[in-house]
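Everything below concerns the one structure shown next.
These numbers were taken from a predicted model, which means no experiment stands behind them. Letters go in sequence order (proteins before strands), and every chain restarts at 1.
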Amino acid sequence: MLTIATWNVNSLRVRLAQVLDWLATHQPDVLALQETKLSDPEFPGEALAMAGYQTAFAGQKTYNGVAILAREPLVDVVTDLPGLDDSQRRVLGATVAGIRILNLYVPNGQSVDSDKYRYKLDWLDRLCAFVGEELQRHPALVVLGDFNIAPQDRDVHDPVAWAGKVLCSEPERVAFRRLLDAGLVDTFRQFEQPEHTFSWWDYRAAGFRRNYGLRIDHVLASRQLAERCRSCQVDRTPRKLERPSDHAPVVAVFD
DNA sequence: ATGGTGGCGCGGCCA
């Protein structure tokens, strides 16, 4: 069995104790983190090594930042989308135990009339091309992270209020479907799930208490690997803690 | 209610 998880921690500095607790409880083989918000020299590699995890990271001060924690060595690490000269640290690829892991912090986009939205759509175009290449090279591929896209209306607490807005707009959903068409499977949707399952709840307006959330964090797997997937679930537990991230972990288990 | 909260870092940006 192989457990692979993703969690946008919204500052690894603030959430390190929660991450260590979560690792001890769930003992995943791989945990992909987003929004670490730490420069590389600040990365808590020693604390994670003490917990039994090797790490690869692409850090950035204040914004963005991604990391992969793994029980086995991480090799062939990449930190960028090919051809995209971008100082924002949003991509981290590595091979662990023969499985290619691509950890993503997809741009948020801010609003559909924003320059950041255009950047997001361009970024997703380049991602799709890269995923196609990675699938050629790695039949066992996991693409996971904070996609900042709710793929369908059932992934949205109030689809009418969110219709056409960033995270839910049709161009973003088309980009997500293109990833699936390229050969990836949304492992969450391979299984019966509770209705109104989300992975992110706004800090404002008591979003979590009212379950006003979106499912924007995903674990996608190549078809070969998806056949080995036995479950994919959102773990809401850390979202209930004092001073939580606004995201919950998503955990997939493979044979 | 065109806001609300949280992280970073100390004013304003980003989510």
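Listed by first and then second residue, the ring-ring contact (aromatic ring centres under 6.0 Å, His included) pairs involving residues 70-107 of chain A amount to none (not counting sequence neighbours).
The same atom, C1', is picked in B:dG12 and in B:dA1; the two are 23 Å apart, to the nearest Å. Using P as the reference atom, B:dT2 and B:dG7 are 25 Å apart when rounded to the nearest Å. Using atom P as the reference point in both B:dC8 and B:dG3, the two lie 25 Å apart (nearest Å). Across the C1' atoms, B:dC14 and B:dG9 are found 13 Å apart, a figure rounded to whole Å.
Residues of residues 5-12 of chain A that place a heavy atom closer than 4.0 Å to DNA chain B, in numerical order, are A:Asn10, A:Ser11. Of the residues in residues 199-207 of chain A, those lying under 4.0 Å from DNA chain B by heavy-atom distance are A:Tyr203, A:Arg204.
Nucleotides of DNA chain B with any atom under 4.0 Å from a heavy atom of chain A span, from 5' to 3', B:dG4 to B:dA15.
Side-chain atoms of A:Arg89 do not come within 3.5 Å of backbone N or O of A:Asn64 as any donor-acceptor pair. Checked by atom type and distance alone, the side chain of A:Arg90 never pairs as donor or acceptor with a backbone atom of A:Val66 at under 3.5 Å. A distance-only check finds no donor-acceptor pair linking the side chain of A:Tyr212 to the backbone of A:Asp158 [under 3.5 Å].
When every heavy atom of A:Thr187 is checked against every heavy atom of A:Val219, the shortest pair comes out as OG1-O, 2.8 Å.
For A:Val166, the side chain to side chain contact (heavy atoms under 4.5 Å, CB included) criterion is met by A:Val112, A:Tyr117, A:Lys120, A:Glu172, not counting sequence neighbours.
In this structure, a donor-acceptor pair under 3.5 Å is absent between the side chains of A:Trp200 and A:Asp146. A:His196 and A:Asn211 are not linked by any side-chain donor-acceptor pair at a separation below 3.5 angstrom, with hydrogens and angles left out of the test.
For the pair A:Asp246 and A:Lys37, nearest-nucleotide mapping onto DNA chain B gives the more 5' position to A:Lys37. Between A:Thr62 and A:His247, it is A:Thr62 whose nearest contact on DNA chain B lies nearer the 5' terminus.
Inter-residue side-chain proximity for A:Arg177 and A:Pro151 is flagged as unmet; no heavy-atom pair is nearer than 4.5 Å.
Using a 4.0 Å heavy-atom cutoff across all strands shown, A:Tyr105 reaches sugar-phosphate atoms only and no base atom. Using a 4.0 Å heavy-atom criterion, one finds that A:Arg239 contacts no nucleic acid atom at all.
Between A:Asp86 and A:Arg126 there is no salt bridge, since no side-chain N of the basic residue sits under 4.0 Å from a carboxylate O of the acidic one.
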Per-pair distances, 0.1 Å, donor-acceptor, side chain in residues 47-58 of chain A, under 3.5 Å, sequence neighbours excluded:
{"residue": "A:Tyr53", "atom": "OH", "partner": "A:Pro28", "partner atom": "O", "Å": "2.6"}
{"residue": "A:Tyr53", "atom": "OH", "partner": "A:Arg71", "partner atom": "NH2", "Å": "3.4"}

